[in-house]
Amino acid sequence: MSKESIVEKKLLHYTGKAIADFKMIQSGDRVMVCLSGGKDSYTLLRILQLLRRRYNKFEIFAFTLDQSHPGWNDSGMRQWLEDHEISYKILTEDTYSIVKEKIPEGNTYCSLCSRLRRGIIYRYAEDNGFNKIALGHHRDDMICTLLMSIFYNGEIRSMPPKLLSDNKRHIVIRPLAYCQENDIITYAQEQKFPIIPCNLCGSQENLMRQRTKMLIAQLAKENPKIPSNMLHALTSIKPSQLMDKKLWDFKNLEDLQEIGVQGGEELPFDVIASELAF
């Protein structure tokens, strides 16, 4: 579109704000944008291209991994990338067969699929000198991951907007961290992105992520501020109000107490609890 639409301006604003808030992209960066073929990654790539045209101080490159899913057709993607004059690489690696072999029918493929994909992405970025890897996760992905981690893993964690990989060789960024999925859906329709559906996991019903998204959507109907409040919660952690003993020294709080009765010897409540276990 030659003229910025309302939703494009909104996405540019929030993407620029996220990049600035977390210093995601700096002058001279070579940014490899992971283009899966979905609405989120297309939006990320297009918005970064528009921001680059304004500032022209960083490089973008589109990387797509063809995992040999049945029905994969990237002809529309290739044409779109060439029409928009974006440098790209579409690499074919048959991870689909590995996932189908290792995961029993009916189980969720996402975990193994993402690990295999991540390894290939990291290797390609390192081999080709890209110092930033950009992913298309947005606000709703981040808050959904937070609830999923609580519900299904018993942990409080989500997706950081900027991440140093375990081997400290890669920095992963999520410039759409402040962007709403509904805006991305609208933008994808405006731009007519040539979407490539993921047939590997998209056909499986009752995935945990879909159920969690539905829960958040239902709550947001009652209180529209809930999604934004959840995002803000990720930036406002209160360790002393939680139960993680690695973050707060509960056993020695008395040593910090300035007023009140000083406690005596430690009582064996752990022994009592063990005796009363059922």
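All of these numbers come straight from a predicted model, not from anything done at the bench.
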Contacts of [X] that satisfy side-chain hydrogen bond (donor to acceptor under 3.5 Å, both in side chains) - sequence neighbours left out:
X: Asn131; answer: Asp29
X: Ser165; answer: Asn167
X: Asp94; answer: Ser97
X: Gln189; answer: none

How far apart are the closest heavy atoms of [X] and [Y], and which atoms are they?
X: Tyr42; Y: Gly37; result: CE1-O, 3.4 Å
X: Thr212; Y: Tyr152; result: OG1-CE1, 3.9 Å
X: Ile195; Y: Gly38; result: CD1-C, 3.8 Å
X: Ser41; Y: Leu35; result: OG-CD1, 3.5 Å
X: Gly136; Y: Leu176; result: O-CD1, 3.7 Å
X: Tyr122; Y: Ile133; result: CD1-CD1, 3.6 Å

Interatomic distance, [X] atom [atom1] to [Y] atom [atom2] [nearest 0.5 angstrom]:
X: Ile121; Y: Glu93; atom1: CD1; atom2: CD; result: 11.5 Å
X: Ile237; Y: Leu242; atom1: CD1; atom2: CG; result: 7.5 Å
X: Trp72; Y: Leu65; atom1: CH2; atom2: CG; result: 7.5 Å
X: Arg117; Y: Cys34; atom1: CZ; atom2: SG; result: 8.5 Å
X: Tyr178; Y: Met142; atom1: OH; atom2: CE; result: 8.5 Å
X: Lys23; Y: Ile173; atom1: NZ; atom2: CD1; result: 13.5 Å

Please check if atom [atom1] in [X] has more than 12 non-hydrogen atoms from other residues, nucleotides or ligands closer than 6.0 Å.
X: Ile6; atom1: CD1; value: no
X: Phe250; atom1: CZ; value: yes
X: Asp166; atom1: CG; value: no

Step by step, work out the side-chain contact (heavy atoms from CB on, under 4.5 Å) result for Val31 and Met24. CA-CA 10 Å; Val31 182; Met24 294 187 198; over 6 Å; no
Show me, pair by pair, the donor-acceptor contacts under 3.5 angstrom made by side chains of residues 11-20, not counting sequence neighbours?
residue: Thr15; atom: OG1; partner: Leu11; partner atom: O; Å: 2.7
residue: Lys17; atom: NZ; partner: Asp21; partner atom: OD2; Å: 3.4

I want to check something: taking the side chain as every heavy atom from C-beta on, are [X] and [Y] in contact at a cut-off of under 4.5 Å?
X: Lys251; Y: Lys245; value: no
X: Thr92; Y: Ser68; value: yes
X: Leu48; Y: Ile25; value: yes
X: Asn182; Y: Asp140; value: no

Return yes if some donor-acceptor pair links the side-chain N/O of [X] with the main-chain N/O of [Y] below 3.5 Å, else return no.
X: Ser149; Y: Glu155; answer: no
X: Asp141; Y: His138; answer: yes
X: Ser236; Y: His232; answer: no

Given Phe151 and Met208, is the side-chain contact (heavy atoms from CB on, under 4.5 Å) satisfied, shown in steps? CA-CA 10 Å; Phe151 291 160; Met208 294 181 291; over 6 Å; no
With a 4.5 Å cut-off on side-chain heavy-atom distances among I, L, V, M, F, W and Y, is there a chain of contacts connecting [X] to [Y]?
X: Leu44; Y: Ile196; result: yes
X: Phe61; Y: Tyr55; result: no
X: Met159; Y: Met32; result: no
X: Tyr187; Y: Leu51; result: yes
X: Leu247; Y: Leu234; result: no

Name all residues meeting the side-chain contact (heavy atoms from CB on, under 4.5 Å) criterion together with Asn56; count only those two or more places apart in sequence or in a different chain, and write none if there are none.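 So Asn56 forms a side-chain contact (heavy atoms from CB on, under 4.5 Å) with Arg52.
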Applying salt bridge (Lys or Arg N to Asp or Glu O under 4.0 Å), name anything that partners [X], two or more places apart in sequence or on another chain.
X: Asp74; result: Arg78
X: Arg54; result: Glu4
X: Lys162; result: none
X: Arg209; result: none

Sequence neighbours excluded and cut-off under 3.5 Å, please list the side-chain donor-acceptor pairs for residues 213-227, or say none.
residue: Lys213; atom: NZ; partner: Glu181; partner atom: OE1; Å: 3.2
residue: Lys213; atom: NZ; partner: Glu181; partner atom: OE2; Å: 3.4
residue: Asn223; atom: OD1; partner: Lys225; partner atom: N; Å: 3.0

Whether Arg30 engages the ring of Phe130 as a cation-pi pair (distance to the six-membered ring centre under 6.0 angstrom, angle to the ring normal within 45°) should be assessed.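 Because its charged atom sits under 6.0 Å from the ring centre and within 45° of the axis, Arg30 does stack over Phe130.
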Are Met230 and Leu147 close enough, and set up right, to give a side-chain contact (heavy atoms from CB on, under 4.5 Å), and what steps lead you there? CA-CA 9 Å; Met230 291 178 67; Leu147 280 194; 3.5 Å; yes
When the side chains of residues 84-91 are checked against the rest of the protein, which donor-acceptor pairs come out under 3.5 Å, sequence neighbours left out?
residue: His84; atom: ND1; partner: Trp80; partner atom: O; Å: 2.9
residue: Tyr88; atom: OH; partner: Glu82; partner atom: OE2; Å: 2.9

Carefully, step by step, assess Leu146 and Ile150 under the rule side-chain contact (heavy atoms from CB on, under 4.5 Å). CA-CA 6 Å; Leu146 172 63; Ile150 295 172; 4.2 Å; yes
